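Report on the following structure.
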Amino acid sequence: NRHELVRWGVLRGRFRESMSKPKAFVPNQPTEIGFELYDVLHTFKRGHKLQIQIQSSMFPFLDLNPQNYVENIFNAKESDFTRAFHTIYHNDEHQSSISFNEL
């Protein structure tokens, strides 16, 4: 099987509402996040599959993410770093979705 990275992007969760007022997530509380991946045209042939990954760190491509809210991640102490678990909710109350434009 061949895998090819088509598009990737970064959204720091603390800046999901404002770049000037960072906001921490509340553990175990569903939080709506919307973003766009600016793209060029891609052709997916019949039978091809699309894989979507959601992750909290792109190290070593980007700086380390301590997984805890700290004022400045570059000043994070070793004790600030912890393992993260993420949940994508998809039920009647929290309807996650991904949409694509098609030509």
Side-chain angles (χ1 to χ4, degrees):
N1 289 337
R2 178 175 172 232
H3 295 82
E4 182 177 333
L5 178 63
V6 175
R7 181 67 56 217
W8 70 284
V10 175
L11 168 69
R12 292 226 183 261
R14 65 174 51 215
F15 300 116
R16 65 192 178 277
E17 295 178 9
S18 166
M19 291 301 288
S20 61
K21 295 180 182 177
K23 183 177 180 182
F25 285 101
V26 177
N28 302 312
Q29 177 180 316
T31 305
E32 184 175 337
I33 299 174
F35 63 95
E36 288 186 36
L37 290 176
Y38 301 104
D39 207 355
V40 295
L41 299 174
H42 295 282
T43 300
F44 297 98
K45 295 181 180 179
R46 184 181 306 252
H48 284 195
K49 297 177 182 174
L50 185 64
Q51 177 183 13
I52 297 172
Q53 293 184 9
I54 299 171
Q55 55 198 50
S56 60
S57 181
M58 286 287 289
F59 184 79
F61 298 106
L62 301 172
D63 50 302
L64 286 170
N65 184 346
Q67 310 300 342
N68 277 313
Y69 188 87
V70 292
E71 288 298 320
N72 183 333
I73 63 171
F74 300 106
N75 296 330
K77 301 180 300 272
E78 186 174 339
S79 60
D80 293 323
F81 289 84
T82 184
R83 176 183 267 185
F85 296 93
H86 304 285
T87 301
I88 307 299
Y89 292 90
H90 185 71
N91 54 39
D92 289 340
E93 188 177 349
H94 306 99
Q95 297 187 12
S96 300
S97 67
I98 298 171
S99 59
F100 301 93
N101 291 327
E102 182 180 340
L103 295 177

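Treat the numbers as computed from the prediction; the structure is a model and nothing was measured.
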Handout entry: Steps toward side chain to side chain contact (heavy atoms under 4.5 Å, CB included) verdict (His86, Ile54)
Key = CA-CA 9 Å; His86 304 285; Ile54 299 171; 5.8 Å; no
Exercise for the section: Tell me, with the steps shown, if Leu50 and His42 meet side chain to side chain contact (heavy atoms under 4.5 Å, CB included). Expected result: CA-CA 12 Å; Leu50 185 64; His42 295 282; over 6 Å; no
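Rounded to the nearest 0.5 Å, atoms CD (Gln95) and CD (Glu32) are 11.0 Å apart. Between the CD1 atom of Ile88 and the NE2 atom of His94 there is a distance of 12.5 Å, given to the nearest 0.5 Å. Between the CZ atom of Arg14 and the CE atom of Met19 there is a distance of 10.5 Å, given to the nearest 0.5 Å.
Residues Phe74 and Val70 fall within the same hydrophobic cluster, defined by Ile, Leu, Val, Met, Phe, Trp and Tyr side chains chained together at heavy-atom separations under 4.5 Å. Hydrophobic clustering, with ILVMFWY side chains joined whenever heavy atoms are under 4.5 angstrom apart, groups Leu5 together with Leu62.
Counting only distance, with no hydrogens or angles, the side chain of Asn65 and the backbone of Ser57 share no donor-acceptor pair below 3.5 Å. In terms of modelled atom types and a separation under 3.5 Å, the side chain of Asn68 and the main chain of Asp80 share a donor-acceptor contact.
For the residue pair Tyr89 and Asn28, the shortest heavy atom distance occurs at OH-O, 4.2 Å. The nearest pair of heavy atoms linking Tyr69 to Lys23 is CE1-C, 4.0 Å. Heavy atoms only, all atoms of each residue included: Gln67 and Thr82 are closest at CG-O, 3.1 Å. Taking every heavy atom of both residues into account, Arg16 and Ala24 meet most closely at NH2-O, 3.3 Å. The nearest pair of heavy atoms linking Phe25 to Pro27 is O-CD, 3.7 Å. Across all their heavy atoms, Ser96 and His90 have their closest contact at O-ND1, 3.1 Å.
Atom CD of Gln55 has more than 12 heavy atoms from other residues, nucleotides or ligands within 6.0 Å. Crowding of Ile52 atom CD1: a count of heavy atoms from other residues, nucleotides or ligands under 6.0 Å exceeding 12.
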